[in-house]
K.L.:
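I have a structure I would like to understand better, so I am pasting it below and will then ask my questions one at a time.
So you know, we letter chains A, B, ... as the sequences are listed, proteins then strands, and number each from 1.
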There are 2 protein chains.
Amino acid sequence: MKMSEGVEWALHCCLTLAWLGKDGGSVPTARLAAAFELPPAYLNKCLQLLVKAGILVSTAGVKGGFRLARAPARITLLDVVTAIEGPEGAFRCAEIRQRGAGASAPPREFVRPCGIAVAMRRAETAWRRELAAQTVADLLDAAPPSASERMRCWQLTQVH
Amino acid sequence: MKMSEGVEWALHCCLTLAWLGKDGGSVPTARLAAAFELPPAYLNKCLQLLVKAGILVSTAGVKGGFRLARAPARITLLDVVTAIEGPEGAFRCAEIRQRGAGASAPPREFVRPCGIAVAMRRAETAWRRELAAQTVADLLDAAPPSASERMRCWQLTQVH
DNA sequence: GCGATGCTACTCGGATAAAAACTGTCCGAGTGGCATCGG
DNA sequence: CCGATGCCACTCGGACAGTTTTTATCCGAGTAGCATCGC
C-alpha cells in the first residue's frame, strides 16, 4: 500500500503556486520541476490531474503555465489526494465471503454488507475526514516565512 | 494506492479460524483456500506473514495447520493490516523541500518536519486509530450466526 | 505611422516505453502419525 | 500384549516467474506574443 509520490509533488506545487502566483502569473511545469528537481514530464502528468479535478487552471502559449483555480483556503488535502490517487478507496471488498463455503448460502444473507468491508471503510472515512479538515492555506501558515521568500527569490534567478 | 488483497483474505481467515478452531484444532492452508476459492500457495504466503507478526501459530506435520495465537478480542484489525502491508505508512515524505530551490537553505530550517508530512501522518494516525479500535471479536459479533454454522458444516464435508 | 498578418517559440496534453510492486506458482525441509517389527 | 523404530504422507517455508500498477519519457496540437509587411 504505497501512495503515489505524485501526491507529495502536487501538494508542494500547490504551496509553491500560492507563493509565486500571488501576482496572478502562471508558472510552467519546467519551473516547478526545477524547484524540486523532479522529472518535468511526469510532474506535468500529475498537474494535469489537478486541472481535471478543478484545483488548477492551465494556460497555453508562451507565457502560459499553471495557477491555482481558487483560494488556498478552499483547497483541501483530500481534494489533492483524490485528484492524484483517484476516487476509489484503498480497500476493495472482493466479496470472497460469497465464494467457496458461502456459495450455498441464501442470497438474502448477503444483502447487508460484509462486516470486514464496513470496518475498513470506517477507518478510511476517518482518514478522509482528517484530510478534508486541512487546507493548503493551513500549510501556508505552518511553513516558515523564509521558505516563501526563498522560493520567490529563487524564481527570479530562473528567468532566462 | 491499492491495498493488498491479502488483507481481506487474512481477515476472513482469522474469522474462519475463530469459528473452526474453537476445539483447538489447526486448519491447514488448503482448507482455508478452498473455503474462499483462493490460490492456496499465495494464501499460505499471507498466513506466514501473520505468523511472523505473532497473530497465528503454525504447526507442521500431518495434522498441522494454523490457529489463532491469542483470543479474537486481542487481535485488532490494525495488527492484521500491519502484518500484511508492513509497518510503513502509505505516504512517505521524500523531503523534496530540501532539493532544488531549498538546497541553499540553512539546515536548521529543516529541523522541524515538513508540514505536508505532518498533515498526512495525522490522517494516517486517525486511520490507524480506527483500525486499532476494532477487533476480530467485534467482527465475530457482527457476522450473522448462520455464517459460523455454515462454515462448520462445510468443513465436515471437506474431510477426505 | 498604424493595422493586419504570418511566423516562431513556447506551452500543455495525451500516447508510448521502462521499472517496480503485487500476484501467483513451484519445490524442498521438516515433522508428526502410523504401521511394522521385535521383545 | 507392549514398546521401540523406521517409513511415509502431509504440513509449512522460502525461492522462482507472470501480470498489473506505477513511474518516466517523448512527440504532436494549440496558443500567445512578436516581427514583418503592406497600406
Side-chain angles (χ1 to χ4, degrees), chain A residues 1-10 13 17 21 25-34 36-53 55-67 69 81 83-86 88-92 94 96 158-160, chain B residues 1-10 13 17 21 24-34 36-53 55-67 69 81 83-86 88 90-92 94 96 158-160:
Chain A
M1 186 178 54
K2 190 169 74 75
M3 180 174 289
S4 170
E5 298 183 29
V7 171
E8 182 181 6
W9 301 0
C13 286
L17 287 174
S26 292
V27 183
T29 301
R31 193 166 301 167
L32 285 171
F36 300 106
E37 293 177 10
L38 302 176
Y42 186 44
L43 177 63
N44 189 16
K45 196 179 182 63
C46 295
L47 296 176
Q48 285 175 32
L49 292 174
L50 296 181
V51 171
K52 274 189 181 175
I55 297 169
L56 302 184
V57 289
S58 61
T59 311
V62 63
K63 283 283 187 179
F66 296 91
R67 65 182 190 278
V81 170
I84 300 293
E85 293 287 337
E88 301 185 61
F91 180 87
R92 295 112 189 247
I96 64 174
Q158 294 303 110
V159 175
H160 65 283
Chain B
M1 186 179 53
K2 191 168 72 76
M3 180 174 290
S4 169
E5 296 184 27
V7 172
E8 182 181 6
W9 301 1
C13 286
L17 287 175
S26 292
V27 183
T29 301
R31 194 165 300 168
L32 286 171
F36 301 106
E37 293 177 8
L38 301 177
Y42 186 44
L43 176 62
N44 189 16
K45 199 180 180 62
C46 296
L47 296 176
Q48 285 175 32
L49 291 174
L50 296 181
V51 170
K52 274 191 181 173
I55 297 170
L56 303 184
V57 289
S58 62
T59 312
V62 63
K63 283 283 188 178
F66 295 91
R67 65 183 190 278
V81 170
I84 300 292
E85 293 288 337
E88 302 186 62
F91 181 88
R92 295 110 188 249
I96 65 174
Q158 295 303 108
V159 175
H160 63 285

K.L.:
Answer with base, sugar-phosphate or nothing: what part of the nucleic acid does A:Ser26 contact at a heavy-atom distance below 4.0 Å?
P.N.:
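Contact class for A:Ser26: none.
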K.L.:
Checking B:Glu85 now: which residues fulfil side chain to side chain contact (heavy atoms under 4.5 Å, CB included) with it, not counting sequence neighbours?
P.N.:
A:Met1, B:Met3, B:Ser4, B:Val7, B:Val81
K.L.:
Is there side-chain contact between B:Arg67 and B:Val27, with heavy atoms separated by less than 4.5 Å?
P.N.:
no
K.L.:
For DNA chain D, whose closest nucleotide is more 5', that of A:Thr59 or that of B:Ala30?
P.N.:
B:Ala30
K.L.:
Apply ring-ring contact (aromatic ring centres under 6.0 Å, His included) to A:Phe36 and list each qualifying residue two or more places apart in sequence or on a separate chain.
P.N.:
A:His12
K.L.:
Among all residues two or more places apart in sequence or in another chain, which pass the side chain to side chain contact (heavy atoms under 4.5 Å, CB included) test with A:Val62?
P.N.:
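Side chain to side chain contact (heavy atoms under 4.5 Å, CB included) list for A:Val62, sorted by chain: empty.
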K.L.:
Grab the CZ-C1' distance between B:Phe66 and D:dC12 for me, whole Å please.
P.N.:
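Distance check: B:Phe66 CZ to D:dC12 C1' gives 6 Å.
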K.L.:
Distance check needed: D:dC12 C1' versus B:Leu17 CG, whole Å only.
P.N.:
15 Å
K.L.:
Suppose we screen for side chain to side chain contact (heavy atoms under 4.5 Å, CB included). Which residues come up paired with B:Ala41, at least two apart in sequence or across chains?
P.N.:
none
K.L.:
Just how far, in rounded Å, is P of D:dG14 from CG of B:Leu47?
P.N.:
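Interatomic distance, CG of B:Leu47 to P of D:dG14: 13 Å.
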K.L.:
Just so I know, are the side chains of A:Ile55 and A:Phe66 near enough to count as touching, which here means a heavy-atom distance under 4.5 Å?
P.N.:
no
K.L.:
Could you check which of C:dT11, D:dG14, C:dG13 has an atom nearest any side-chain atom of A:Val51?
P.N.:
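The answer is C:dG13, which lies nearest to the side chain.
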K.L.:
Nearest-Å distance, CZ (A:Arg67) to P (C:dT11)?
P.N.:
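Taking atom P of C:dT11 as the reference, CZ of A:Arg67 is at 16 Å.
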K.L.:
Round to a whole Å and report the spacing from NZ of B:Lys63 to C1' of D:dC12.
P.N.:
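Rounded to whole Å, this separation is 17 Å.
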K.L.:
Take atom CD of B:Glu37 and atom C1' of C:dG24, then tell me their distance rounded to the nearest Å.
P.N.:
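Checked: the CD to C1' distance equals 17 Å.
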K.L.:
Expressed as a whole number of angstroms, how long is the span from B:Arg31:CZ to D:dC12:P?
P.N.:
11 Å
K.L.:
Whether A:Thr29 contacts C:dC12 is assessed here as follows: a side-chain N or O lying under 4.0 Å from the phosphate OP1 or OP2. Is that the case?
P.N.:
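True: A:Thr29 side-chain N/O within range (under 4.0 Å) of C:dC12 OP1/OP2.
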K.L.:
Output the single nucleotide from C:dG13, D:dG13, C:dC12 whose closest atom is nearest the side chain of A:Gln48.
P.N.:
C:dG13
K.L.:
List the protein contact pattern of nucleotides 19-30 of chain D with one symbol per nucleotide (5' to 3'): B for base contact, S for sugar-phosphate-only contact, - for none; contact means a heavy-atom distance under 4.0 Å.
P.N.:
---SBBBB----
K.L.:
Report the residues that fulfil side chain to side chain contact (heavy atoms under 4.5 Å, CB included) with A:Ala94, sequence neighbours left out, ordered by chain and then residue number.
P.N.:
A:Ile96, B:Glu8
